[in-house]
Each structure stands twice: as C-alpha cells, then as structure tokens.
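Working notes for the structure below.
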Amino acid sequence: MKWRLFLSIFLVCSGLSIMPAHAFNNQTKILYLRDLGTKYTGESVSFSAEIITLSGEECKGCKVWFYVDGPDWQQDHWIGPAPYSDYSIDGIYAVQWTIPPGASEGTYTYWAQVQDSNGNVRSANSNEYTFRVIKETRTARVVSVWPADDIKAGDNVALWAQVQNTGDKALDLNCNVKFLIKGTADEESIDYNPGTRNCVTDDWSGTKDVLRKGETRWYKIEWTPPAAGRYTYWATVEYDNRQISDTPPTNSFNVLEPRNAAIESVAQIDDTRTGNSVNLGALVENTADIMLNIGCRIGFWAKGPQKGNQKMEGLIGYTPCSQTDNNNPEPLYYQEKRWYTIKWTPPMAGDYTYQAIVKYKETEISNWSDTQSFRIRDDAPTTTLEQTTEETPETTTTTTEPQEETTTTQEETTTTSTTTTTTSTTTTEAVQQPKAIGQATGINFGSPLMSFIGTAVIIYLAAYIVYRFSKRQKKETKAEIQKPKGE
C-alpha cells in the first residue's frame, strides 16, 4: 500500500494521470481494487472502485456509475450507481451485478465514472477491467408463482414457486430457491428477501430428494408483510450462490388495512305460525377506513326448540356485504350503515333466538350482535264440535219506579231467556241426531250412494201405489158391468 500512497502524492503534485486511473479536472480519481477472474453465468459479481478527491472539495450528491461491455454487444448497459454511494468523501464504492443465466460466454469488461446530482460527469471514464464468463451446466426455470390471496395487515401470506430442472445435472443441497419481494408500502418501493427453500425439499408432498433433470417441484414460504400496500413477488434458483434460473414470472397481492364492522341491532320478528317464513335482519356499520366488498358477508345463527333427538341450532346462512335493496351490488363504504336480511322458514313450533356477525373470508371482523327472540305457534285446526248457547245478559235496573214493576220485568226477562235456551238446545239436538245415527250404524247418510238408493226407493213406492190403485179401479169397473139388469 505504500506505493499507492506515494502514487497519490505524485498525482496530486504533477496532475498527471497514471494507469490504472484517470484524473478528472483535478477533482477525482478512480482506482480499481481487484481482478474478478472467471465467473459462471448466473453468478453475482461485485464491481468496486476506490474514489480519491484531488481538489479537496466534497462532491455533494455525486454517484459512482458502473458500466459493463459484453462480448456480443447484447449485455452492454449501465449497471447503475453503487447503493448508498452518494459520493462526498474518499472511499471504496461497489455495486452487485448478476450475470444473466443466458449470457454468452466470453470476455467482459467494466468501467466507472463519477457524476454529480445533475448528471454532469466529474471524471473521465476509468480504465476498463476484464473478466471471463463461462456457461453454468446446471440450469433451472421458475415455471410459475402461485397467485397469493389478498390479506389484511398483520396476517401471514403463503408464497409458492414452481421450479423445473432444465440442466443436465441433479440439483442437490447446494441449490436453493430464493424468494424476492418488492413492496410499495406507504408509497415507497422497498425490496424484501423473505427467505429461501432448499431444492431437495418438496413442500407440496413433504418429501425430500434431489431435483433430477426435467423434474418439477413446488416450494413455499410464509411471510408477514410489514405494512399495508401492494407487493410483487418472484423467485430465482441459485447453485453455490450463482443464479441458474433466467427471468422469472411475477405475481402480486395486496395487504389491506384491517377491516372492522359493527352490528348495531337485529330486526324484531313478530310471532307467527308454523310453515311461515321469517326475515332475519341486522343493521351493520363499516367502522374501518376501507370499503367492505368481495369476501365480506353477514352470517345469521339461530337456536330453537329441541324435539326428541332433533335440536334446532346452527348457521342459517350468509348474505354478502354488497347486498342492497335494489339488487344492484354495491360495497359498504366507510361509516355507512345498511340493513341486511335473509329469509328462513323455521322447521317446527317453539321459541327461537338468533344472532348475526360480520366476516371477511373466515375472519370475524365484528362483534356478535345482541340476541333477538321470536315464537313459532302450532295453529293446527281442531276436529271437536263446540256447542254454543246464547246467553242473555243480565238486566241492571237503575230506576226510581216502584219495586213491584221492577220485579215483573225481571221475571219476564228470565222467561224469555229460558225459552230461547230451550229452543236452541232442541235445534242443536235435531241437527245432531242424523250424525248420531250414522255414527251408531256406520252408514254415511250424506254420501251420493245413499242419496241414489233413497231416490230409487221413493220412485218404487210411488209406482207401486199407482199400480195398486189402477188395479183396484179396474176391478170395480168390471163388477159394475157384471150387475144384473134388474138391479
């Protein structure tokens, strides 16, 4: 390192540019630190440079940019500034770059320059440095990443990736599936590394074995997002810390603010008879600052009587939070209140209670409502004939006339009442008599057959009477003709 110190002093004094560095307007100088040697496709390399200030002034907002040249002009591009490399003081600055798995073999070069915050170059390009890239014989492909469900803040999300071995060799314990996430929480883009899974683990079947040529396997991790926002995730495959998979597919999910709702009341139900339907209802308010829509529902539970081994208790059903009176689905917005109902026919008579609760998917997001009671009556008609008698109301006399006339009036009233009662009883007995005879003999006198038989008997008797009368008339006429003339 002493030679470097003497070299720096010499450069400051002479203003000359000596390899492998360039002086930039007597302001900065770039020195490379190490040779990269030979690298595999998919391997991560570190480009680094040491920055020395020649003018003695800090370069506020400056960045060290790195550029790479590929052998076929297809990999030529700016790598970007070194992370956290706002150049203000002398030091070493580095940036990581992953050689694409599909990159061509050959010699690559990289170089750097310093730019200020306005994009002005504060130095000429540094000398180029070379390294060699060779093909990795182990390769893999991320076939797909499973769509993750939207979750609320604080919950875990399950991330799945399907990987296929596209190389000629098996992927063993040196191989890992690495999950990566980019989030936009609080309008800020943040990169996360939630974890890795070893390639020998099959998270779908639970078995462990090397991933052989051509085989496909599922890998899973669970992760708790730090805040609400939208997240995109993907996965890569690495072997000995070298990436052996190419550009992966991505998938996104949302982390939502916690949902909350409140049930203010449940509907009262009037007592009704068996067989009739009732409307269970609940008044729900959205108490969170996010609308309640898909995945939100109101559940109704009922508890009724027990008849033998049959007990009425359990879930009646759900109605979605988007339900409206006009049948046009609409979310329940923040601080909005809405009535929700569900129609149900109780299976038996008795006393019932019901409650309601709001759920988002399988998570309860409200309190249980108060309990509401109602009764189902058993109004089956009876077959007993009830006899009614007409009662005469009592006569109350409030008069100043003599007592004798009052007594007479009461006696007349009593007599009339007795007569009416007797008549009513007699009429009832007359009506009841055919029924009593029919019940005693087992014959239904009101049936069509009995009516026909009765009519036939009457016709027969009438014909017989006419016949007998006609015969008698003929006999008398004959006797009249046969009388002697002298008579």
Side-chain angles (χ1 to χ4, degrees), residues 145-160 179 181-192 194 221-234 249-269 278-302 314-344 354-372:
V145 286
W146 194 273
D149 294 331
D150 291 350
I151 62 170
K152 68 177 182 179
D155 288 351
N156 289 343
V157 62
L159 308 178
W160 288 87
F179 288 83
I181 298 176
K182 181 178 289 293
T184 55
D186 299 326
E187 300 182 356
E188 182 181 356
S189 180
I190 305 174
D191 295 330
Y192 302 94
I221 65 167
E222 290 192 359
W223 181 63
T224 303
R230 184 166 180 81
Y231 295 81
T232 300
Y233 85 98
W234 64 96
T250 63
N251 223 311
S252 300
F253 60 94
N254 295 309
V255 179
L256 307 173
E257 293 291 348
R259 291 172 170 82
N260 291 293
I263 300 180
E264 291 197 357
S265 61
V266 288
Q268 292 184 354
I269 300 176
V278 297
N279 287 322
L280 311 181
L283 179 60
V284 177
E285 179 185 7
N286 182 358
T287 57
D289 56 357
I290 185 172
M291 66 182 182
L292 298 176
N293 196 6
I294 299 174
C296 176
R297 53 188 180 162
I298 296 90
F300 293 88
W301 272 258
L315 173 67
I316 301 303
Y318 289 96
T319 184
C321 292
S322 58
Q323 181 194 66
T324 59
D325 293 336
N326 57 12
N327 294 324
N328 293 324
E330 187 175 346
L332 184 66
Y333 294 98
Y334 174 51
Q335 292 185 337
E336 182 184 359
K337 297 180 183 179
R338 189 181 299 169
W339 275 100
Y340 297 90
T341 59
I342 189 171
K343 183 173 286 188
W344 176 56
Y354 81 95
Q355 288 179 282
I357 195 168
V358 184
K359 285 188 172 184
Y360 179 74
K361 296 185 178 178
E362 298 304 320
T363 303
E364 297 177 358
I365 63 172
S366 78
N367 58 300
W368 277 94
S369 70
D370 294 334
T371 302
Q372 186 62 254

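None of the values given here were measured: they were computed from a predicted structure.
- Scored by the side-chain hydrogen bond (donor to acceptor under 3.5 Å, both in side chains) test, Asn156 finds Thr224 as partners (sequence neighbours excluded).
- Remark: Lys343 engages no residue in a side-chain hydrogen bond (donor to acceptor under 3.5 Å, both in side chains) (not counting sequence neighbours).
- Take Phe300 and apply the ring-ring contact (aromatic ring centres under 6.0 Å, His included) test, not counting sequence neighbours, and it matches no residue.
- Ser252 meets the side-chain hydrogen bond (donor to acceptor under 3.5 Å, both in side chains) test with Thr232; sequence neighbours excluded.
- Listed by chain and number, the residues in a salt bridge (Lys or Arg N to Asp or Glu O under 4.0 Å) with Glu264 are Lys337 (sequence neighbours excluded).
- For the side chain to side chain contact (heavy atoms under 4.5 Å, CB included) test, residues two or more places apart in sequence or in another chain that qualify with Trp368 are Trp301, Gln355, Ile357, Glu364.
- Proximity of Ile298 to Val284: side-chain heavy atoms (C-beta onward) are separated by under 4.5 Å at one or more points.
- At distances below 3.5 Å, at least one donor-acceptor pair connects side-chain atoms of Tyr340 with backbone N or O atoms of Cys321.
- For Thr319, the side-chain hydrogen bond (donor to acceptor under 3.5 Å, both in side chains) partners at least two apart in sequence or on another chain are Gln323.
- Not counting sequence neighbours, Tyr334 has no partner by the side chain to side chain contact (heavy atoms under 4.5 Å, CB included) test.
- Judged as a side chain to side chain contact (heavy atoms under 4.5 Å, CB included), and not counting sequence neighbours, the contacts of Ala148 are Val157, Leu159, Tyr233, Phe253.
- In this structure a side-chain-to-backbone donor-acceptor pair under 3.5 Å is missing from Asn260 to Ala288.
- Checking side-chain atoms of Tyr231 against main-chain N and O of Asn251 turns up no donor-acceptor pair under 3.5 Å.
- The ring-ring contact (aromatic ring centres under 6.0 Å, His included) test applied to Trp344 returns Tyr352, not counting sequence neighbours.
- Qualifying salt bridge (Lys or Arg N to Asp or Glu O under 4.0 Å) partners for Glu336, counting only residues two or more places apart in sequence or in other chains: Arg338.
- The line from CG of Asn254 to CG of Asp150 is 4.0 Å long, rounded to the nearest 0.5 Å.
- Looking at residues two or more places apart in sequence or on another chain, you find no salt bridge (Lys or Arg N to Asp or Glu O under 4.0 Å) involving Lys361.
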